[in-house]
Amino acid sequence: MGLFFLRRLGVMILTALCLTFIVFFLTNLYPNLEKLAKTQGNMRMTDAEVTQWLDNRGYLQPMPVKYAQWLGVAPGWTREFQQDGQTVVTGRCLDGAVPAAEAAEAPRFCGILQGDWGYSTVFRDSVASIIGTRLGLTGYLMFWVMLLMVPSALLLGVLAGMREGSRTDRTLSTFAITTTATPEYVSGVILIAVFASSAVGLRWFKGTATAAMENPNFENFFLPVLTIALYGMGYIARMTRASMAEVMTAQYIRTARLKGVSFPNIVMKHALRNALIAPFTVIMLQFPWLLNGVVIVETLFNYKGFGWTLVQAAGNNDIELLLAVSVVSVIVVLVTQLISDIGYVYLNPRISVT
Amino acid sequence: MTHPTINGKPVHPAARMYAREFREGKLSRREFLARATSLGVTAAGAYALGGLAQPARATEGARDGGTLRVQMEVRALKDPRTADWSQIANIYRGWLDYLVEYQADGSFKPMLLESWEINEDATEYRLQVRQGVTWNNGDAFTAEDVAHNIRRWCERDVEANSMAARVASLIDDETGLAREGAIEVTGDHELILRPSVPDITLIAGFADYPAAVVHPSYNGENPVDVPIGTGPYLPESHEVGIRSVLVRNPDHSWWGTEVYGGPHLDRIEYIDFGTDPASWLAAAESEEVDMLYESVGEFIEILDAIGWTKSEAVTANTIVIRPNQVAEVEGMRPYEDARVRRALAMAVDNSVCLELGYSGLGTVAENHHVCPIHPEYADIGPAPYDPEGAMALMEEAGMADYEHELVSIDDDWRKNTTDAVAAQLRDAGMNVRRTVLPGSTFWNDWTKFPFSSTNWNMRPLGVQVLALAYRSGEAWNECGYANPEFDSKLAEALSIADADQRREVMAEIEQLLRDDGVIIQPYWRSIYRHYTDQVVGADMHPTFEIHAYKLGLAA
């Protein structure tokens, strides 16, 4: 078991390294840097000024060196300037321009390994605090999505799958296929138009979730939750139905039936546990999918979480924020996979992690 | 009756002349008010001179206290003199005051200046600083503070300092700083400005949004971190892209309470709902906000329908679709030839753009960026529209097969208007490819695109925007226009205080802009804002200013 964890951790670190290097490489291409310089400095800078601006901020070092600095395995860059007759130093590990003596005492390494996630150029704040706040908001959204999506999907799937081909099955399956075939940007817009706008006039809910960041309630939070949940719900329900239908044809179910066990008892006690193995993986796979879905839904509903941050960071070439977003994504994907693998062991004794 | 001028001095002779012209119908109400008040007549005095009824104060009936939530983009703040968005200024306007404030009716209201006096040929300004004003750190506000700010605005070499263009006549060309003797402090509350050439735009420049008055200790850092100002509010929090909160400063008694009334609200929240007007509507319908920054396009009707109050401001705000004359595409400069640019302009019927791009909510413009509401507007007739002639001209210039890439931002009216231009160019037989960029990337390069659309906010005088946007080498000269003849004519116009005399030069300038095919400028926008019936003092302002002290909730 311990070895298994270590191996998984190794894979996680390796994946994170590869992914961040790709993101690092792309965001540090010269046209992207030029764009960054112009947003941060001045839209009308000449090419020489852009080069100067980038050089003064350490952006023009060789790519591997910059990446190593971001990781914290190479000392951060420093630059010396003359200001008001004395030498001041700016650098990766320094906060603004400081006198040389003070700069000498500052830590030489400041990267991820030292716990320094960098500074977001678009939000003008430290990356760690942005990721912390925004991930918390998205976590809250996801929690409610899961709470709505998983039970209702399982219920739908089990009800549909226990009597394959029945009227209940056909009705529920149609519903499940419809919801999962409708992408969030379609269902979200429809839900807003129907339930939150004067176009239809129901106005049961609010069409924006901005207030939900501080004060979430049923009225302002239900629509974004429903939009994400509907999409995943149909998918999980289909999986559960297929799995349930298969289990219901198994020999041991027929045996139980012949012995006179009541139908509800068969479903609950004999079929369910075996039928849930496949949906369990799918549910765990939904976490990364949710990260994907929140990008659209958070932008649509103006809920400023992780997905919205990703959009802003990518739109403004905010290098260090984008890198942090990729690291977090890798961790979320691999940790949920880990949980899914371990959960398997408990659901199916025939499988072992070692 | 109180005295008709802001300093108790006799009324400037030109003001009386304007009043006469106004009564004879030669001047519009707005033009008259703008001109008379910039010559030192009080707003009340100007209304009396022109024989107009005094408007009721908009903020009457506001109760004390309350929280107002406003939908507005929340951008990163910067040194006020380098601010490039009205939204940025609306936030620091909570704790920073201005020398002068431009009013929705076109007049100038004295704020930190109590009054000003301009000599006949506009080469000497005598400014009286308001007495009894204190900074919120306790320091007294004096003429020295005003001089300090004007000197800051004169620092031309500071990156992105757009105030330098507004006070160009006070700058020494060699040092790029305030000229020796241009600013003279003559008392605790009096100073004299001596522009190098007759300059009529200084007062209007002082009212523009980057002209917020900062404390002498301010050193260019993020204004939120050091909120020392003379205004009645303080920033509580400022999160870019999310929201910004102003709260009433309990330890500071604001000078304006006695003079103009207010502030009324305890708390003002600016909440960012992105750039999609559909989400602004969603915010309004969800009762998440009480007031919008601006309502646009088809949403104006919808907002009317949900029972919000509409406020309209007639403006010289506009959209300009311009080729950049120095931009290079694949090694050549496609728009260097005036024939190409003229052909583009001739192929476009401006009224079609107004109809398709802005639902007809404005007036048709004439491709020279001077608006009928500007005092010095000269009518040189509508812009020529001749699609066949345009294509012939394009062929003559050898550019008939060139594929034009027309860039615009991804929004409602700007995108639609640019689409309308593209469609008309295609109808005339030109090849056009449309590129639509999101706001986050569009503004990175807005002056550099070879052919793109840009929205321009208005300035009170017609010469001001020409000086900002079309003079050679200006920071915001997005057309790459450099014509010595234009520059010298504009310099001449900028020295004529009398708008009627200035109009003759303006006619030549306007014609020059049109002959050089500098811009396609289809229409002037009326702008709108909606708010709930609970909000008072939130009237739409022609330059999108939100004056925090006027806002309130109905009693």
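Reminder, nothing fancy here: chain letters follow the sequence lines and each chain counts from 1.
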Considering only heavy atoms, which portion of [X] lies under 4.5 Å from any heavy atom of chain A: side chain, backbone, both, or neither?
| X | answer |
| --- | --- |
| B:Asp276 | neither |
| B:Glu285 | both |
| B:Leu77 | backbone |
| B:Ile242 | both |

Chain B contact via A:Ala196 - which portion, at a heavy-atom distance below 4.5 Å: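 Contact with chain B: backbone only.
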
Leading residue by heavy atom contact count with chain B [cutoff under 4.5 Å; candidates A:Asn317, A:Leu300, A:Asn302]: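 Heavy-atom pair counts peak at A:Asn302.
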
Winner by heavy-atom pair count (cut-off under 4.5 Å) against chain B, out of A:Glu214, A:Glu34, A:Met213: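 Sorted descending by pairs with chain B, the first entry is A:Glu214.
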
Salt bridge flag under 4.0 Å for residues B:Glu474 and B:Arg471: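 Here B:Glu474 pairs with B:Arg471 in a salt bridge, since their nearest N and O are under 4.0 Å apart.
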
Pair A:Asp116 + A:Arg92: basic N to acidic O under 4.0 Å: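 So A:Asp116 does not pair with A:Arg92 through a salt bridge.
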
Parallel, tilted or perpendicular, as decided by the 30° and 60° cut-offs, for the rings of A:Phe24 and A:Trp70: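 Correct class here is tilted.
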
No-hydrogen, no-angle side-chain donor-acceptor test under 3.5 Å, B:Asn455 and B:Arg414: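 A donor-acceptor contact under 3.5 Å links the two side chains.
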
Max heavy-atom pair count under 4.5 Å with chain A, selected residue of B:Arg243, B:Arg69, B:Glu287: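 Heavy-atom pair counts peak at B:Arg243.
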
Lys/Arg cation over aromatic A:Trp53: A:Arg57, 6.0 Å, 45° cone: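 Pair A:Arg57/A:Trp53 counts as cation-pi.
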
Gap separating the CD atom of B:Glu239 from the CZ atom of A:Phe123, nearest 0.5 angstrom: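 One finds 10.0 Å between CD of B:Glu239 and CZ of A:Phe123.
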
